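Heads up, the thing below is written out as structure tokens.
Proteins get letters first, then strands, A, B, ... in listed order; numbering begins at 1 in each. Computed from a predicted model, the values in this text were never measured in an experiment.
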There are 2 protein chains.
Amino acid sequence: MIPHMPPEADTTVLAETFRLLGDPTRLRILFYCLEAPRSVGDIAESLQLSQSLVSHHLRLLRGARLVRGNRVSKQIFYELADKHVSDMLADMAHHVGEDY
Amino acid sequence: MIPHMPPEADTTVLAETFRLLGDPTRLRILFYCLEAPRSVGDIAESLQLSQSLVSHHLRLLRGARLVRGNRVSKQIFYELADKHVSDMLADMAHHVGEDY
DNA sequence: CAAACATATAAATACATATTCATATGTTGC
DNA sequence: GCAACATATGAATATGTATTTATATGTTTG
């Protein structure tokens with residue numbers, strides 16, 4: 001089965017997603033939230049990042065529907081938006097380090 | 001089975017790959033070469049890009065071992081470097097447009 | 001409602017990078 | 001070796017964006 005090239009509009013959307021995954025800081029945030037929902041403060045402290053920086057990145061990730069946040073009293077816990085996203089990240093994590 | 005967070009060095013490598021996939025022009029080039037090996041001139045003409053721009057992008061993709069080129073006389077035909085890369089792109093192409 | 005806490009936003013800056021234009025390198029046929 | 005073709009590279013520019021600093025918004029508790 002020969003794969004078809006997606007139309008230009010779709011490649012643009014896809015590239016936008018890849019672009020967001022293409023920043024080391026954001027990727028670390030995503031992997032950290034992959035294991036469990038994490039509050040902004042937890043992310044910042046655990047990954048040694050400023051609260052502001054984490055919030056900025058989360059906004060971008062939210063905008064692309066890669067993560068979603070649930071408020072629990074004062075804190076907001078972020079997790080990957082859906083199984084589609086988390087599966088993809090998990091796959092990537094598996095592939096890292098494999099020979100090719 | 002709970003996925004583990006890859007160490008920071010690995011996320012850096014992975015982010016670098018995602019970053020390269022995160023440019024619309026590069027992504028179009030990759031999808032075009034996914035169907036068949038393509039010469040630089042073919043890519044430039046088909047995707048309406050300058051020869052120089054295509055060459056620049058191919059250099060980056062080569063550097064990350066996402067594509068490889070085979071010279072056939074004057075032309076150089078580029079294809080995805082391995083099944084791992086092409087599978088990932090094909091998967092992504094499938095997922096584009098799906099609900100989530 | 002005020003104070004304390006958690007998160008978000010705005011502006012500024014520094015840095016990265018996509019694209020263009022010009023030129024160089026490499027390959028083939030005469 | 002020279003001309004024609006195909007690809008690669010270098011420098012310059014313009015645009016994008018990650019990070020910081022400072023401040024604002026929202027939430028709970030007394």
Side-chain angles (χ1 to χ4, degrees), chain A residues 8 11-33 36-81, chain B residues 8 11-33 36-81:
Chain A
E8 192 169 336
T11 57
T12 301
V13 173
L14 187 54
E16 170 67 11
T17 301
F18 279 134
R19 191 181 64 74
L20 287 169
L21 299 176
D23 178 79
T25 302
R26 274 194 296 270
L27 203 53
R28 288 175 67 211
I29 292 174
L30 284 172
F31 275 119
Y32 190 57
C33 295
R38 312 282 194 182
S39 74
V40 179
D42 180 0
I43 297 170
E45 190 182 358
S46 297
L47 303 186
Q48 299 263 68
L49 305 168
S50 76
Q51 178 269 319
S52 175
L53 182 57
V54 172
S55 194
H56 275 297
H57 282 306
L58 286 173
R59 177 152 75 137
L60 295 174
L61 295 172
R62 247 170 21 224
R65 300 190 182 280
L66 286 171
V67 302
R68 57 195 186 82
N70 291 318
R71 168 153 246 147
V72 179
S73 77
K74 289 186 223 171
Q75 299 180 327
I76 300 181
F77 289 82
Y78 282 91
E79 60 190 330
L80 300 206
Chain B
E8 191 167 337
T11 58
T12 301
V13 172
L14 187 54
E16 171 67 11
T17 301
F18 279 135
R19 191 180 63 77
L20 288 169
L21 298 176
D23 178 79
T25 302
R26 273 194 297 271
L27 202 53
R28 287 175 67 211
I29 291 173
L30 284 172
F31 276 119
Y32 190 57
C33 295
R38 313 281 195 184
S39 74
V40 178
D42 180 0
I43 297 170
E45 191 183 358
S46 298
L47 303 185
Q48 299 263 68
L49 305 168
S50 77
Q51 179 269 318
S52 175
L53 181 56
V54 172
S55 194
H56 276 296
H57 282 307
L58 286 173
R59 178 153 73 138
L60 295 175
L61 295 171
R62 248 170 20 224
R65 300 192 182 281
L66 286 171
V67 302
R68 57 195 187 82
N70 291 319
R71 169 153 246 146
V72 178
S73 78
K74 288 186 223 173
Q75 299 178 332
I76 300 181
F77 289 82
Y78 282 90
E79 60 189 332
L80 299 204

> Nearest to the side chain of A:Arg19 - D:dT7, D:dA18, C:dA8?
Replying inline: D:dA18

>> Just the rounded figure in Å: distance from C1' of D:dT19 to CG of A:Leu49.
In response: 10 Å

>> What contact category does B:His57 fall into here, base, sugar-phosphate, or nothing, at under 4.0 angstrom with non-hydrogen atoms?
In response: sugar-phosphate

> CD1 of B:Ile43 versus C1' of D:dA6: gap in Å, rounded?
Replying inline: 13 Å

> To the nearest Å, how far apart are B:Arg26 CZ and C:dT17 C1'?
Replying inline: 8 Å

>> So, taking the atom named CZ in B:Arg68 and the one named CZ in B:Phe77, what distance separates them when rounded to the nearest 0.5 Å?
In response: 14.0 Å

> Between A:Gln75 (CD) and D:dT27 (C1'), how many Å, whole number?
Replying inline: 11 Å

> Within this structure, what is the CD-to-P distance between B:Glu16 and C:dA16, rounded to whole angstrom?
Replying inline: 12 Å

Heteroatom pairs (N/O) under 3.5 angstrom, protein to nucleotides 26-29 of chain C:
none

> If you find the nucleotide of DNA chain C closest to B:Gln51 and the one closest to B:Leu60, which residue's nucleotide is nearer the 5' end?
Replying inline: B:Leu60

>> Could you check whether any side-chain N or O of A:Arg38 sits under 3.5 Å from a backbone N or O of A:Ile43, counting only pairs where one atom can act as donor and the other as acceptor?
In response: no

> Would you find more than 12 non-hydrogen atoms of other residues, nucleotides or ligands less than 6.0 Å from B:Glu45 atom CD?
Replying inline: no

>> Using whole Å, what does the distance between atom P of nucleotide C:dC5 and atom CD of A:Glu45 come to?
In response: 15 Å

>> Looking at every heavy atom in both B:Leu20 and B:Arg26, which two are closest together, and how far apart are they?
In response: O-NE, 2.7 Å

>> Using modelled atom types and a 3.5 Å cut-off, is there a donor and acceptor pairing between side-chain atoms of B:Ser55 and backbone atoms of B:Gln51?
In response: no

> How far apart are the C-alpha atoms of B:Leu14 and A:Phe31, what are their side-chain angles, what is the distance that settles it, and do they pass the side chain to side chain contact (heavy atoms under 4.5 Å, CB included) test?
Replying inline: CA-CA 11 Å; B:Leu14 187 54; A:Phe31 275 119; 3.7 Å; yes

> 5'-most contact on DNA chain D: A:Asp23 or B:Val40, nearest heavy atom basis?
Replying inline: B:Val40

>> Looking at B:Ser52 and C:dC21, is any side-chain donor or acceptor paired with a base atom of the opposite kind under 3.5 Å?
In response: yes

>> Rounded at 0.5 Å granularity, tell me how far NE2 in B:His57 sits from CG in B:Leu47.
In response: 10.5 Å

> Just checking A:Tyr78: base, sugar-phosphate only, or nothing, at a heavy-atom cut-off of under 4.0 Å?
Replying inline: sugar-phosphate

>> Does D:dT17 have its OP1 or OP2 closer than 4.0 Å to a side-chain nitrogen or oxygen of A:Arg59?
In response: no

>> Whole angstroms only, please: what is the CZ-C1' distance between A:Phe18 and C:dA18?
In response: 19 Å

>> From CG of B:Leu53 over to P of D:dA12, roughly how many Å is that when rounded to an integer?
In response: 19 Å

> Would A:His56 pass as stacked on D:dT19, i.e. its ring centre under 5.5 Å from the base's six-membered ring centre and planes under 30° apart?
Replying inline: no

